[in-house]
Engineer: 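So that we are looking at the same thing, I have put the structure below in structure tokens.
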Amino acid sequence: PCLRQLKLDQSPIASIRELGLNVKHLTTISVSGCGLSDLDGIGSLVSIKEMRLSFNNIQDLTPLALHETLEILDLSHNLVSNVVYCEILGTCSQLFSLDLRDNP
């Protein structure tokens with residue numbers, strides 16, 4: 001399938017890995033309020049431009065390193081507290097919009 005946008009807000013998914021590997025055309029994903037604690041499987045989203053990950057329990061941003069197509073990232077209301085993880089986002093060369101509100 002050539003799915004481009006996927007909204008799973010408040011759905012019971014344990015990991016982005018559950019989406020499988022057939023998501024290479026996905027450009028927008030919204031998984032706000034899903035209780036995600038990590039970004040395991042995010043590497044399969046090779047065409048992603050917009051990610052809405054608010055209201056989860058995400059701490060580690062390392063899996064986002066070098067996502068060169070990523071433009072918009074919403075990580076508000078998570079558990080991101082380490083500045084080093086925020087520096088990793090500097091490797092996302094196309095990132096122009098970042099929301100980190102209400103993180104510790």
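Residue numbers count from 1 along this sequence. Only this structure's heavy atoms are used, side chains among them; waters, hydrogens and symmetry mates stay out.
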Engineer: Scan residues 92-104 for pairs that pass salt bridge (Lys or Arg N to Asp or Glu O under 4.0 Å), counting only residues two or more places apart or in two chains.
Structural biologist: D99-R101
Engineer: Does Y85 have any ring-ring contact (aromatic ring centres under 6.0 Å, His included) partners at least two apart in sequence or in another chain, and if so, which?
Structural biologist: none
Engineer: Which atoms form the tightest heavy-atom contact between C92 and L66, and what is the distance?
Structural biologist: SG-N, 4.4 Å
Engineer: Could you list all the side chain to side chain donor-acceptor pair (under 3.5 Å) pairs where at least one residue sits in residues 60-70, not counting sequence neighbours?
Structural biologist: D60-T62
Engineer: Minimum heavy-atom separation for I58 to N78, with atom names?
Structural biologist: N-OD1, 3.0 Å
Engineer: Please list all pairs passing the salt bridge (Lys or Arg N to Asp or Glu O under 4.0 Å) test where one or both residues lie in residues 26-44, with sequence neighbours left out.
Structural biologist: R17-D40
Engineer: Using side chain to side chain donor-acceptor pair (under 3.5 Å) as the criterion, list what pairs up with D74, not counting sequence neighbours.
Structural biologist: S76
Engineer: Roughly how far, to the nearest 0.5 Å, is the CG atom of L8 from the OG atom of S30?
Structural biologist: 8.0 Å
Engineer: Using a 6.0 Å cut-off, check whether atom CD of Q10 has over 12 heavy atoms from anything other than its own residue.
Structural biologist: no
Engineer: If you look only at distance, which donor and acceptor atoms sit under 3.5 Å apart when one is on a side chain in residues 45-57 and the other is two or more places apart or in another chain?
Structural biologist:
residue, atom, partner, partner atom, Å
S47, OG, K24, O, 2.7
E50, OE2, R52, NE, 2.8
E50, OE2, R52, NH2, 2.9
S54, OG, S32, OG, 2.8
N56, OD1, C34, N, 3.0
N56, OD1, G35, N, 2.8
N56, OD1, L36, N, 2.8
N56, ND2, V31, O, 3.0
N56, ND2, L53, O, 3.0
N56, ND2, S54, O, 3.1

Engineer: How would you list all residue pairs meeting salt bridge (Lys or Arg N to Asp or Glu O under 4.0 Å) that involve residues 85-94, not counting sequence neighbours?
Structural biologist: none
Engineer: Which residues pass the side-chain contact (heavy atoms from CB on, under 4.5 Å) test with A65, not counting sequence neighbours?
Structural biologist: I88, T91
Engineer: Look up atom CD in Q59 and atom CG in N103, then write down how far apart they are to the nearest 0.5 Å.
Structural biologist: 10.0 Å
Engineer: Is there a side-chain contact (heavy atoms from CB on, under 4.5 Å) between L89 and L95? Walk through the geometry before answering.
Structural biologist: CA-CA 8 Å; L89 297 177; L95 187 64; 4.2 Å; yes
Engineer: Nearest 0.5 Å, please: how far is NE2 in H25 from CG in L6?
Structural biologist: 14.5 Å
